[in-house]
Amino acid sequence: MTIPHRPMSLTVNGKPVGPIDVPNDMMMLDFLHDYLNLTGSRFGCGQGICHACTIILDDPVEGAVEMRTCVTGAHFFAEKRVRTIEGHATRDAKGDILQLTPVQQAFIEHFAFQCGYCTPGFVTGTQVLIERLRKTPIARADVEKTIEQALAPHICRCTGYVRYYEAIRAVILSTPGLVSG
Amino acid sequence: MRLSRRMRLGLLAVGLVCVIGAAGVLAVLFGVFQPSVVSDAVNQPLTPAEMAQLVPRGRYLTLAADCAACHTAPGGAPYAGGLGFALPVGTLYATNISPDPTYGIGQWSRADFQHAMRDGIGPGHSYLFPAMPYVSYRQMSEGDVDAVYAYLMTRQPIHQASPRDSFPLPYMRLGMAFWNLINLPSRGFVTDAALSPTINRGRYLVDALGHCGECHTPRDISMGMIPGRYLQGATIEGVDAPDITPAGLARLGFDAPTLAQFMRAGLGPQGVTTFSMYEVIEHSTRYLTPADAEAMADYLMQGAPPPVVVTVGAVTPGTEHGRQSYVAVCAGCHGLNGVGVPHVAPAMRTNATLRLPSDRNLMRIMSDGLPAQSFPDGEAMQPMPGFAHLLTHQELVDLAAYLRSTWGGHPPH
């Protein structure tokens with residue numbers, strides 16, 4: 001007996017993938033890990049709570065949307081564009097990293113992560129927040145509250161929230177156009 | 001100008017009709033035609049000793065009557081009111097029923113409280129709006145209302161005014177005199193000698209304290225509950241309060257023992273309570289004694305057919321698209337075969353929401369999601385995200401059709 005499967009195509013980190021046969025009920029995280037060898041997105045709780053597995057869905061209408069890949073089927077992403085943690089930094093033709101994003105750089109400079117397991121999720125969540133603020137800036141007084149609301153679903157078992165949030169605040173305040181007033 | 005005798009008589013008759021009419025209106029406004037169910041005995045205040053003795057019973061009854069659902073605003077002080085009800089004509093706010101003398105009921109006498117609860121008339125002959133379920137509380141016994149009064153008077157007085165309603169007309173309260181004329185039953189609770197004491201107790205809990213009919217009985221054009229369609233289900237706040245007649249409950253998969261358990265636990269094989277019913281569990285029915293919950297269930301399930309068992313429907317070409325969406329965004333938590341994950345997401349296989357006649361509640365939940373819920377005994381369910389921004393309306397419709405035909409017992413469309 002074969003596992004029911006069907007072909008799918010999608011765009012991952014700007015590159016077309018597929019058509020490729022994927023089991024109908026395979027979760028996106030397994031597809032990224034096992035089919036594309038993109039192992040940066042983490043399997044944490046496996047039930048959509050910890051957000052270590054989030055990637056970015058670039059929706060033509062909604063813009064960047066966080067998606068939990070441990071509870072979302074691979075076929076949901078058929079014909080869609082996604083960015084995984086591997087796709088944030090700028091790379092050269094060989095795939096080596098040339099430059100980290102401001103978010104990644106700030107996390108390093110603020111010693112934001114400890115064990116690092118939740119970091120791909122935090123980078124993803126912060127990137128989505130930054131892109132949202134680029135479209136709809138917020139008042140300076142609302143920065144802290146906005147960070148807490150946007151990143152609240154991301155769980156860090158080392159409880160390193162303070163330095164994560166400090167790093168995110170630094171990125172927001174040092175990036176032109178995200179804060180008004 | 002001389003009027004003929006016939007014209008004079010005619011004018012006199014018109015005048016007389018006007019006077020009688022005006023007298024009638026005044027009589028209605030002063031409640032002449034509205035019989036009170038409150039006895040004169042309540043004019044005698046309770047002694048401090050009597051009040052103190054009633055408090056424990058009052059506490060239980062206040063929970064069973066779910067006073068907090070409306071009179072405690074989310075995050076607000078207990079019984080200080082403030083919860084708003086957006087109605088087509090404006091917003092009405094629940095009042096402060098803490099014993100504060102200025103803003104609460106601290107100055108209310110025993111009789112004032114009895115008349116408010118059971119006649120819908122507050123101190124100073126001020127008509128209550130029927131958002132306060134006095135039509136149901138009218139069936140409460142005098143002793144039970146006394147006990148609630150005694151309990152509320154022991155609560156912390158909260159010195160906080162309730163917001164005033166935003167109704168455009170100042171005299172709308174007077175109109176309630178006429179509403180009462182049409183919709184207020186003349187009598188309180190009458191024990192049915194043909195039924196067992198347990199069933200009578202259940203009926204009292206359902207009709208008087210639990211005021212289940214306020215949401216589950218459809219209302220007519222005057223917004224009064226339609227007696228002939230008792231508990232047959234209604235649409236309220238944009239969602240369906242299900243049919244909870246015996247046949248309706250059996251269709252949702254309940255029998256009396258599981259219903260009693262469900263009312264105290266807030267969840268079961270039938271899924272989790274949603275929308276306002278979650279708050280009913282949270283504030284009220286979870287505190288019922290097992291005997292009372294069983295009495296309510298026994299009454300509600302009287303003569304019910306056995307619980308309907310739904311056979312799993314096959315995926316058809318018409319539901320294949322919905323199945324794909326289910327696998328894509330639902331199965332991660334609810335399971336490929338709809339069995340759910342304990343403490344995470346409820347099972348779909350036996351979920352009552354899928355069995356409802358309409359897909360209104362299902363569509364609303366799939367679109368907007370549900371907040372995290374906690375239940376008695378440490379049970380909890382994770383928040384469910386909404387999918388309105390990820391799935392198109394047609395995809396949501398197809399998904400609902402798949403769920404309803406696979407596990408809800410509905411024919412595929």
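Below, chains carry the letters A, B, ... as their sequence lines are ordered, and counting in each starts from 1.
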For chain B, which residues of [range] have at least one non-hydrogen atom nearer than 4.5 Å to it?
| range | answer |
| --- | --- |
| residues 59-79 of chain A | A:E62, A:V65, A:M67, A:R68, A:V71, A:T72, A:G73, A:F76 |
| residues 22-42 of chain A | A:N24, A:D25, A:M27 |
| residues 106-123 of chain A | none |
| residues 156-176 of chain A | none |

Per-residue contact mode, B:L391 against chain A (heavy atom under 4.5 angstrom):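 The answer is the side chain of B:L391.
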
B:V344 portion near chain A, given a 4.5 angstrom heavy-atom threshold: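 Interface part for B:V344: side chain.
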
Decide if atom [atom1] of [X] counts as having more than 12 heavy atoms of other residues, nucleotides or ligands within a radius under 6.0 Å.
| X | atom1 | result |
| --- | --- | --- |
| B:R286 | CZ | yes |
| B:D377 | CG | no |
| A:Q99 | CD | no |

Close side-chain approach of A:Q47 to B:H343, heavy-atom, < 4.5 Å: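 A side-chain contact under 4.5 Å is absent here.
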
